[in-house]
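Heads up, the thing below is written out as structure tokens.
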Amino acid sequence: MNPASAWKILRQGNERFVNGTPLHPNQGIADRATLVDRQHPTAVLFGCGDSRVAAEIIFDQGLGDVFVVRTAGHVLDDAVLGSIEYAVEIVNVPLIVVLGHDGCGAVKATLDALDNGAVPDGFIRTVVERVAPSVMTGRREGLCTADELEAHHVVETGALLAQRSRIIAGRIEAGTCAIAGVTYKLSDGRIHLQGTVGDIGEPGDRLPRAPRLPSDPRPHHLPPADSAGGAPARQGGAA
């Protein structure tokens, strides 16, 4: 399967989900039995951990159809990169979908930290630090709202994947893999293609064909909470 064919399957699955006509494929007893010794997923779905954005459901997929990796704010670390590289290199998955959504709590928390000094506690701070570069570059391009910046964060995440991973970049260059940057609208369930790295047979609105992030992939480090003018704020709500 090539990247364009994989994207077509996911696009059609989302249309079924939106229209209320899902097929619920590959979810029966016989399907479980056929997957005991092998898997051939159509795509990697690297998305936000928000409970409202269940990857298999919104794309109307079943067992063995998608290789799912999720973190709050779809932020990258070494374990995430290794997981995606495993899917691409070992399982031969032809498509990586970076999946964000409107109303993203990670982006809102980052805006609160940058604008108001409300630096979150614990390892939530790490999530905010890894989203911050996308927010800052998006603002330099004139983006203002949290949802605009989330779409930009999908863009930057896709570019960063291709930049940091030689395995992924090599597959894209060979034409055997591609990245689709996608946002999901909570109210109607529809996906929106923000762009691509590589060819999926459909152009996107934002994502560049070549990565355009700086060569240094380290997260932006926020100032200590006390120097920002107050105690760290606790974040809740949507991821």
Notebook entry, point to check: What do you reckon, is CG of Leu23 surrounded by more than 12 foreign heavy atoms closer than 6.0 Å?
Noted result: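 More than 12 heavy atoms, drawn from other residues, nucleotides or ligands, come within 6.0 Å of this atom.
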
Note to self: Tell me if the CD atom of Glu173 is crowded by more than 12 foreign heavy atoms within 6.0 Å.
What the structure shows: no

Under a 4.0 Å N-O cut-off, is there an ion pair linking [X] with [Y]?
| X | Y | answer |
| --- | --- | --- |
| Arg52 | Asp102 | no |
| Glu202 | Lys8 | no |
| Arg11 | Glu15 | no |

Looking at every heavy atom in both [X] and [Y], which two are closest together, and how far apart are they?
| X | Y | answer |
| --- | --- | --- |
| Phe17 | Ile58 | CB-O, 3.5 Å |
| Ser134 | His153 | OG-ND1, 2.8 Å |
| Ile172 | Ala162 | CD1-CB, 4.1 Å |
| Ser5 | Met1 | CB-CG, 3.8 Å |
| Ala87 | Val44 | CB-CG2, 3.3 Å |
| Gly103 | Asp147 | N-OD1, 2.9 Å |

Next item on the list: Apply side-chain contact (heavy atoms from CB on, under 4.5 Å) to Cys104 and Asp50, showing your working.
Entry: CA-CA 8 Å; Cys104 180; Asp50 193 294; over 6 Å; no

Please check: side-chain N/O of [X] versus main-chain N/O of [Y], any donor-acceptor pairing under 3.5 Å?
| X | Y | result |
| --- | --- | --- |
| Gln163 | Ala159 | no |
| Asp188 | Arg190 | yes |
| Asn14 | Gly189 | yes |

Connected via hydrophobic side-chain network under 4.5 Å: [X] and [Y]:
| X | Y | result |
| --- | --- | --- |
| Leu63 | Ile57 | no |
| Val68 | Leu35 | no |
| Val80 | Phe67 | yes |
| Ile90 | Val93 | yes |

Checklist line | Trace of the side-chain contact (heavy atoms from CB on, under 4.5 Å) decision for Val88 with Cys177 | finding: CA-CA 8 Å; Val88 170; Cys177 186; 4.2 Å; yes

Check: After noting the C-alpha distance and the side-chain angles of Thr42 and Gln61, does the key distance pass the side-chain hydrogen bond (donor to acceptor under 3.5 Å, both in side chains) rule?
Finding: CA-CA 10 Å; Thr42 301; Gln61 300 299 296; 4.6 Å; no

What I'd like to find out is whether the side chain of [X] reaches to under 4.5 Å of the side chain of [Y], using heavy atoms alone.
| X | Y | result |
| --- | --- | --- |
| Leu76 | Arg130 | no |
| Trp7 | Val182 | yes |
| Leu99 | Phe59 | yes |
| Val53 | Cys48 | no |

Roughly how far, to the nearest 0.5 Å, is the [atom2] atom of [Y] from the [atom1] atom of [X]?
| X | Y | atom1 | atom2 | value |
| --- | --- | --- | --- | --- |
| Glu85 | Asp78 | CD | CG | 9.5 Å |
| Asp65 | Ile9 | CG | CD1 | 8.5 Å |
| His152 | Met136 | NE2 | CE | 10.0 Å |
| Leu45 | Ile84 | CG | CD1 | 10.0 Å |
| Ile168 | Leu161 | CD1 | CG | 5.0 Å |
| Ile200 | Asn2 | CD1 | CG | 11.0 Å |

Item checked: Parallel, tilted or perpendicular: rings of His74 and Phe46 (30°, 60°) ->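 Taking His74 first and then Phe46, their aromatic rings stand perpendicular (interplane angle over 60°).
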
Checklist line | Val75 and Thr157: CA distance, side-chain angles, deciding distance, side-chain contact (heavy atoms from CB on, under 4.5 Å) verdict | finding: CA-CA 8 Å; Val75 298; Thr157 302; over 6 Å; no

Margin query: If you apply the rule side-chain contact (heavy atoms from CB on, under 4.5 Å), what do you find for Leu95 with Leu10, and how did you get there?
Written below: CA-CA 10 Å; Leu95 178 66; Leu10 295 182; 4.0 Å; yes

